[in-house]
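One-based numbering, in listed order, for ligands and for the atoms of each.
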Amino acid sequence: MSFDFDLFVIGGGSGGVRAARIAACEKGVRVGLAEEDRYGGTCVIRGCVPKKLMVFASEVSHALPEARGYGWEIDQVRFNWKLFHGKLNEELNRLERVYRNLLKKAGVITFDQRAKVVDPHTIELANGEKKTAQYILIAVGGEPEFPDVKGIEFALSSNDMFQFNVLPKSILIVGGGYIACEFSGIMNGLGVQTTQYYRGEKILRGFDDEARGIVTDEMRKRGVDLKCGVNVCEIEKTSSGLRIINTQNEQAKFDAVMFATGRKPKTMGLFSEDLSVELGKKGEITVDAYSQTRVPSIFAVGDVTNRINLTPVAIHEAMAFINTVFRGNPTPVDHDLIPTAIFTQPEMGTVGLSEENAAAQGPIEVYVANFRAMRQSFAGVDDKSLLKLVICAKSRKVRGCQIIAPQAGELIQLLGIAIKMGATKEDLDRTMAVHPTIAEELVTMNVPTRKT
Ligand code: NDP
């Protein structure tokens with residue numbers, strides 16, 4: 001049977017663009033791609049990239065006291081959101097053009113419209129046109145999920161945080177995950193009076209308990225009014241902003257309210273009902289280790305599968321899909337030991353198991369260095385750093401590492417390689433330290449802080 005394309009990708013985000021581009025570079029592979037919104041997807045347009053640029057912008061306010069501590073006389077400083085926002089938009093437009101050009105250069109035929117899968121080999125575009133393909137790859141990502149709260153229509157999602165014409169004077173951020181905690185740091189750093197409500201006891205559930213505690217303390221020290229054990233019951237729009245009633249029956253007023261209470265896969269209306277692609281509880285596409293759905297010609301990668309919702313994971317899954325389908329090299333995706341950074345202020349990097357999870361699996365040794373680094377100490381800035389190693393007492397392998405420090409994301413990326421290669425505590429011990437750095441503690445801690 002002849003098809004219009006060898007591969008048709010739905011979704012022009014990190015996973016979809018990577019798969020389409022690489023497939024199109026394989027000899028004789030004809031690739032189509034449909035995207036209903038902007039190219040680059042969540043990561044480039046309304047996620048990691050603009051978020052990180054806002055982190056950079058907001059961190060400057062924290063660098064100012066440090067600069068004063070080093071003798072810089074800084075008088076009047078003011079953040080100009082309009083100026084920054086204009087540059088941010090220009091940068092996103094540039095990146096979108098880059099993504100489009102990458103596809104064009106690789107020979108991918110793009111369709112700037114929504115697409116739906118109508119049978120195992122057929123896609124229907126929003127204009128009614130149909131395209132056939134031997135393989136279909138779904139990479140449509142996810143979208144913010146809002147709880148059922150009275151007045152929720154007045155709340156913003158993370159998508160809106162890049163769109164302010166004027167920064168609000170005060171904001172309430174709801175949630176305790178990556179997105180809520182990162183935006184609390186950003187807004188606070190930009191000078192917005194920031195309150196965060198988290199319904200649980202401690203933010204960043206699932207991460208190492210000690211690290212969560214330090215991030216909590218440091219966020220509060222920097223000015224975020226973080227309230228745990230509190231949630232929103234009702235939002236009301238008034239002439240002067242938004243009035244909140246919370247679970248403690250208190251009222252508070254904010255200029256803006258942002259909910260970061262999770263994301264859900266964007267599968268609504270994506271498949272004809274008679275297709276046997278299986279969806280999970282949240283609407284995620286069920287796939288096997290090769291990202292293949294129950295329909296053999298249909299694969300899915302990235303957040304739409306709700307495995308590990310991170311950009312590099314989607315890209316990795318896309319590459320494994322290419323190897324499996326177009327290079328005759330079946331490649332299961334390895335989701336173990338993924339290093340990740342949470343761009344809170346302070347930044348946190350983590351790989352492997354938390355102390356609690358490692359301890360539940362067997363005897364461990366824990367090495368902790370919790371200190372004020374040289375740079376901050378000299379400046380009289382009270383920032384704490386944490387370097388923490390969790391070692392399996394039997395195999396001596398590093399089971400987990402937590403870093404809270406400036407550039408923790410950069411540090412964890414590098415240590416992640418060693419840990420993925422199976423580094424033991426003794427491997428770290430025989431590595432010479434780089435002095436004077438924060439990271440040198442990783443190879444100089446020689447007495448366990450505790451054994452469990
Ligand atoms: P998360 O699932 O990480 O966190 C959701 C938060 O909202 C949790 O604190 C949860 O509380 C809380 N919550 C859920 N439902 C409600 C409710 N009804 N009322 C109040 N609070 C509620 O989602 P995010 O939106 O923060 O992030 C989504 C994904 O995006 C993450 O999984 C991550 O993979 C990815 N991401 C990664 C980043 C990075 O790599 N730096 C940055 C940003 C996002 P509870 O803990 O009690 O369940």
N or O contacts of ligand 1 with protein under 3.5 Å, please list pair by pair.
from	atom 1	to	atom 2	distance (Å)
ligand 1	7 (O)	Ala260	O	3.4
ligand 1	9 (O)	Gly176	N	2.8
ligand 1	9 (O)	Gly177	N	3.2
ligand 1	11 (O)	Arg199	NE	3.3
ligand 1	19 (N)	Asn231	ND2	3.1
ligand 1	25 (O)	Gly262	N	3.3
ligand 1	26 (O)	Tyr178	N	3.3
ligand 1	26 (O)	Ile179	N	3.0
ligand 1	34 (O)	Asn309	O	2.8
ligand 1	41 (N)	Glu182	OE2	2.9
ligand 1	41 (N)	Ala341	O	2.8
ligand 1	46 (O)	Tyr198	OH	2.7
ligand 1	46 (O)	Arg205	NE	2.8
ligand 1	47 (O)	Tyr198	OH	3.2
ligand 1	47 (O)	Arg199	NE	2.9
ligand 1	47 (O)	Arg199	NH2	3.4
ligand 1	48 (O)	Arg199	NH2	2.9
ligand 1	48 (O)	Arg205	NH2	2.7

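Residues in residues 202-231 take part in these ring-ring contact (aromatic ring centres under 6.0 Å, His included) pairs, two or more places apart or across chains: Tyr178-Phe207. Among residues at least two apart or in separate chains, salt bridge (Lys or Arg N to Asp or Glu O under 4.0 Å) pairs with a member in residues 140-159 are Glu145-Lys282, Lys150-Glu234. Screening residues 240-260 for salt bridge (Lys or Arg N to Asp or Glu O under 4.0 Å), with sequence neighbours left out, gives Glu236-Arg243.
Side chains of Tyr367 and Glu441 form no contact here, defined as non-hydrogen atoms less than 4.5 Å apart.
Results of the ring-ring contact (aromatic ring centres under 6.0 Å, His included) test with Phe299 over Phe321, Phe8, Tyr290 single out Phe321 as the only residue that passes.
Classification of the His85-Trp81 ring pair by plane angle, with boundaries at 30° and 60°, yields parallel.
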